[in-house]
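This one's a predicted model, so the numbers in the text were calculated from it and none came from an experiment. In what follows, residues are counted from 1 in the order of the sequence shown.
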Amino acid sequence: LVDTLTGTGAGVMTLQGTNTIGAATTGGTMTLERVSIRLGPSSATAFMSSMHLVGSTMQNEGALTTADSITISGDALSSLKSSGLLTIGAGTMLRLQVQVNNSG
């Protein structure tokens, strides 16, 4: 199963509260195309399935956790930036530009 979230490349979607992106039971890859997502400071977000970003950015300011043994990849125009808590599950692979601001 492959799910695609397609945006226009304009605007930023901000998520607050508790969020689950993808479903561990599908075993597929979620594709994000031309999407900018901001995980706000009060958010707790879990990536449960593999994800591929195309021209997309993700900014984590809250708490972001990935499931075990998934792959998060992206093209040259995609990135994951984190100034919040970032927890990578065992066996998970990140194959995209990752910027982590560790303030302590």
Side-chain angles (χ1 to χ4, degrees):
L1 177 65
V2 177
D3 296 315
T4 302
L5 177 61
T6 303
T8 63
V12 176
M13 179 181 359
T14 299
L15 302 178
Q16 299 285 10
T18 302
N19 308 286
T20 301
I21 299 176
T25 56
T26 64
T29 298
M30 179 176 214
T31 301
L32 303 178
E33 294 182 3
R34 299 181 310 279
V35 177
S36 293
I37 297 177
R38 175 180 170 258
L39 306 174
S42 64
S43 67
T45 303
F47 290 166
M48 299 304 294
S49 61
S50 292
M51 193 174 306
H52 182 68
L53 283 67
V54 178
S56 296
T57 59
M58 188 145 326
Q59 171 71 41
N60 173 47
E61 298 171 9
L64 174 59
T65 303
T66 74
D68 293 344
S69 302
I70 64 171
T71 299
I72 300 173
S73 60
D75 65 5
L77 300 175
S78 299
S79 64
L80 169 62
K81 298 177 182 178
S82 182
S83 58
L85 179 65
L86 180 61
T87 305
I88 307 299
T92 290
M93 299 178 104
L94 297 178
R95 294 181 175 162
L96 75 163
Q97 179 181 349
V98 179
Q99 176 185 342
V100 177
N101 294 329
N102 184 359
S103 60

Any pair counted as salt bridge (Lys or Arg N to Asp or Glu O under 4.0 Å), so long as it reaches residues 70-92, sequence neighbours left out: none
Heavy-atom donor-acceptor pair, N60 side chain to L80 backbone, under 3.5 Å: no
Residue from T29, T31, I21 passing side chain to side chain contact (heavy atoms under 4.5 Å, CB included) with M51: I21
Listed once per pair and sorted, the salt bridge (Lys or Arg N to Asp or Glu O under 4.0 Å) pairs that draw on residues 48-64, sequence neighbours left out: R38-E61
T6 and R34, any side-chain heavy atoms less than 4.5 Å apart: yes
For S36, all residues meeting side-chain hydrogen bond (donor to acceptor under 3.5 Å, both in side chains), sequence neighbours excluded: T57
M13 reachable from L39 in the ILVMFWY side-chain graph, under 4.5 Å edges: yes
Donor-acceptor under 3.5 Å (S56 side chain, V54 main chain): yes
Non-neighbouring partners of S50 that pass side-chain hydrogen bond (donor to acceptor under 3.5 Å, both in side chains), sequence neighbours left out: none
Any pair counted as salt bridge (Lys or Arg N to Asp or Glu O under 4.0 Å), so long as it reaches residues 39-57, sequence neighbours left out: none
If you look only at distance, which donor and acceptor atoms sit under 3.5 Å apart when one is on a side chain in residues 66-74 and the other is two or more places apart or in another chain?
from : atom 1 : to  : atom 2 : distance (Å)
T66  : OG1    : G89 : N      : 2.8
D68  : OD1    : A90 : N      : 2.9
S73  : OG     : H52 : ND1    : 2.7

Under the side-chain hydrogen bond (donor to acceptor under 3.5 Å, both in side chains) test, residues paired with S42 that sit two or more places apart: Q16
Qualifying salt bridge (Lys or Arg N to Asp or Glu O under 4.0 Å) pairs, either residue in residues 46-59, two or more places apart: none
